[in-house]
Colleague: 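Take a look at the following structure, please.
So that the names make sense, note that chain A is the first sequence line, chain B the second, and so on, each numbered from 1.
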2 protein chains.
Amino acid sequence: MSKVRTRRQSASAAAPQRARLVARRTKPGRPPKNSADPALRERILDVAEAQFSRHGYDAVSTRAVARAVGATPAMIHYYFNSKRELFDAVFARRADVINTERMAALDAYAARAGANVTVEGAIAAFLRPALAKFAEGEGWRNYLTLVAQVGNKHEWGGEVMTRSFDPVIQRLIAIIRKALPGASDVNLYWAYHFLSGALLLTLSETDRIDRLSAGLCRSVDIPSIEPRMVEFAAAGFRRVCGAAPG
Amino acid sequence: MSKVRTRRQSASAAAPQRARLVARRTKPGRPPKNSADPALRERILDVAEAQFSRHGYDAVSTRAVARAVGATPAMIHYYFNSKRELFDAVFARRADVINTERMAALDAYAARAGANVTVEGAIAAFLRPALAKFAEGEGWRNYLTLVAQVGNKHEWGGEVMTRSFDPVIQRLIAIIRKALPGASDVNLYWAYHFLSGALLLTLSETDRIDRLSAGLCRSVDIPSIEPRMVEFAAAGFRRVCGAAPG
DNA sequence: TCAATAATTAATCAGGCGATTGATTAATAC
DNA sequence: GTATTAATCAATCGCCTGATTAATTATTGA
């Protein structure tokens, strides 16, 4: 990691302007090895992930991330080069993990079920890794909330999602296609689209359903959600794709 | 509309700084009546709606809105008081229209169907106004995209949605409850949540499905979407709410 | 030992932001 | 005809933003 760049130096330099309000931790220079704080890079990713997921990309400033992590803005420029690259790093960090897991779950299901694949089984295999991670802890919950937010965003949201998740989705559809012979691709894609919307809204953690149901349903209650989402989507797939109901 | 506020005046005033790059339209002062541009207020709402829906609240500056509309930032302060109030005005402008229409459609359906209400009928009545408006033209499309974006947003997104749309949703659920006697509220609310996610993603106009399906499905193709979404959701409701399939 | 390199801070740059004021001009009300 | 009110612009305030540099310090490797 080295930076070379040449440019002018202002040379004005008047007014040293000290008077620091909140105690900065160290003096300039590389910190001694036992001054704690290993893996600052990772901590930056953690708080960026949390802030992006809570407030959205545009509402988060790199300075706010730096402040929350107890570092200077320059450290973010040092490890990542720009705000956008910081975001991409956040997004990429967990993408491989979950993609690998999902693909493995789908493959395992397809192998296990053989010719007896069902829509329910395929959808469950597709959803379980994501929902399990969501339930697992704060880091993954923040990440998936972020994914959900990006999924509904214009600009570069679409590309990012496509690049990251399309292969797994195509695998899911291929398996469902075997369970619903005769289903047209158009119908399969639309049905997946609806499932995707249901999943994204569920992961997005607005307290929408909590309010709507006056507390009867809780948006973080994965054990309640998973079987219902599987059944809802499977029934929808069957109907839209023209299979006999039941 | 009057403004009273007292504060200091800087009195520095040096450097008049002219040299305007893009020709400003008029001199200061109220424009003469036939100088075109009636209803500037409405035009501000239009471009704010378009920009908010395309880039999201945080990525849009009031200055950018002013620029696009050919006015000064002060005009936005004049008609609306702050960025947030501008947003609220955008959101509120069409909310009543669509809410009234949706509620009327649900009432009409309930009256028409009497004791023979079906899940399909209720969902169709709920969806049709929104999807029809979406297909109708750019203004409504922008608005509904904005709604979808807000629906997946944290911060104040949840409240805004709740305040605007809960009554209609409760009416929908009440009708479906009649079509599915014995369904528990928990199941009804979760099923609605999934339907809501499918709708929001569809309205959000990311070109997600277009890419995924390699152009086979088009996200703006309402005539294709409507019957499929109705069937998908109705089948899901039946299944989750424990009715016999079919 | 000493040069290279890694990790940090302070300071700054140029520009954008939301908001507000005061002056200015036309329309309207009395 | 004059006072009030409506609608506009130019100018600015104070603050925040992303990005970058130079200096500084510790570690590492030859």
Side-chain angles (χ1 to χ4, degrees), chain A residues 1-20 23-41 44 57-67 69-87, chain B residues 1-20 23-41 44 57-67 69-87:
Chain A
M1 291 226 180
S2 64
K3 288 290 144 52
V4 194
R5 214 85 105 255
T6 39
R7 228 160 52 83
R8 98 300 52 135
Q9 217 284 42
S10 81
S12 57
Q17 181 195 4
R18 33 135 190 67
R20 186 137 305 289
R24 261 261 154 274
R25 35 198 79 250
T26 46
K27 294 155 186 160
R30 180 173 184 158
K33 214 170 39 178
N34 1 344
S35 93
D37 193 356
L40 170 62
R41 203 192 115 100
I44 294 175
Y57 178 82
D58 296 299
V60 173
S61 69
T62 55
R63 298 172 119 94
V65 172
R67 213 177 303 125
V69 92
T72 58
M75 291 312 291
I76 284 170
H77 173 68
Y78 178 75
Y79 282 115
F80 315 91
N81 283 314
S82 63
K83 183 182 177 181
R84 177 56 200 274
E85 283 170 272
L86 169 61
F87 176 87
Chain B
M1 284 217 180
S2 64
K3 287 291 143 49
V4 195
R5 213 87 104 252
T6 39
R7 229 163 49 80
R8 96 305 42 142
Q9 218 284 42
S10 80
S12 58
Q17 183 194 1
R18 34 132 192 69
R20 185 135 307 286
R24 264 260 153 274
R25 35 197 81 252
T26 46
K27 294 153 186 162
R30 181 174 184 158
K33 214 171 39 178
N34 1 343
S35 95
D37 192 357
L40 170 62
R41 202 191 116 102
I44 293 176
Y57 178 82
D58 295 299
V60 173
S61 69
T62 55
R63 297 170 120 93
V65 173
R67 214 176 303 124
V69 93
T72 58
M75 290 313 291
I76 284 170
H77 174 69
Y78 178 72
Y79 283 114
F80 315 91
N81 283 313
S82 62
K83 183 182 177 181
R84 177 58 200 273
E85 284 169 272
L86 169 60
F87 176 88

Colleague: Tell me: OH of A:Tyr78 to P of D:dA26, nearest whole Å?
Modeller: 16 Å
Colleague: Check B:Ala66 against B:Ile76 and note the closest heavy-atom contact, atom names and distance.
Modeller: N-CD1, 3.7 Å
Colleague: Expressed in angstrom and rounded to an integer, what is the separation of B:Arg41 atom CZ from D:dA6 atom C1'?
Modeller: 14 Å
Colleague: Grab the CG-P distance between A:Asp58 and D:dC16 for me, whole Å please.
Modeller: 18 Å
Colleague: Can you tell me how far P of D:dG18 sits from CG of A:Asn81, to the nearest Å?
Modeller: 15 Å
Colleague: Is the shortest heavy-atom distance from the side chain of B:Ile44 to the side chain of B:Phe80 under 4.5 Å?
Modeller: yes
Colleague: Could you tell me whether the phosphate oxygens of C:dT20, OP1 or OP2, come under 4.0 Å of any side-chain nitrogen or oxygen in B:His77?
Modeller: yes
Colleague: End-to-end bend of the helix from C:dT1-D:dA30 to C:dC30-D:dG1 (five-pair axes, 10° rounding)?
Modeller: 0°
Colleague: Give every pair of a protein N or O atom and an N or O atom of nucleotides 15-17 of chain C that lie under 3.5 Å apart, one pair per line with the distance.
Modeller:
| residue | atom | partner | partner atom | Å |
| --- | --- | --- | --- | --- |
| C:dC17 | OP1 | B:Ser61 | OG | 3.0 |

Colleague: Could I get the full list of side chain to side chain donor-acceptor pair (under 3.5 Å) partners for A:Arg84, not counting sequence neighbours?
Modeller: A:Asp88
Colleague: Is the distance from OP1 or OP2 of C:dT8 to the nearest side-chain N or O of A:Tyr79 less than 4.0 Å?
Modeller: yes
Colleague: I want to check something: taking the side chain as every heavy atom from C-beta on, are A:Leu40 and A:Tyr79 in contact at a cut-off of under 4.5 Å?
Modeller: yes
Colleague: Starting from P on D:dA19, measure out to CE on A:Met75 and report it in whole angstrom.
Modeller: 16 Å
Colleague: Between A:Arg84 and B:Ala74, which is nearer to the 5' end of DNA chain D once each is assigned its nearest nucleotide?
Modeller: B:Ala74
Colleague: Please name all residues satisfying side chain to side chain contact (heavy atoms under 4.5 Å, CB included) with B:Ala64, sequence neighbours left out, ordered by chain then number.
Modeller: B:Gln51, B:Ser61, B:Arg67
Colleague: Which residues pass the side chain to side chain donor-acceptor pair (under 3.5 Å) test with A:Ser82, not counting sequence neighbours?
Modeller: A:Glu85
Colleague: Rounded to the nearest 0.5 Å, how far does CG of A:Leu86 lie from NE2 of A:His77?
Modeller: 13.0 Å
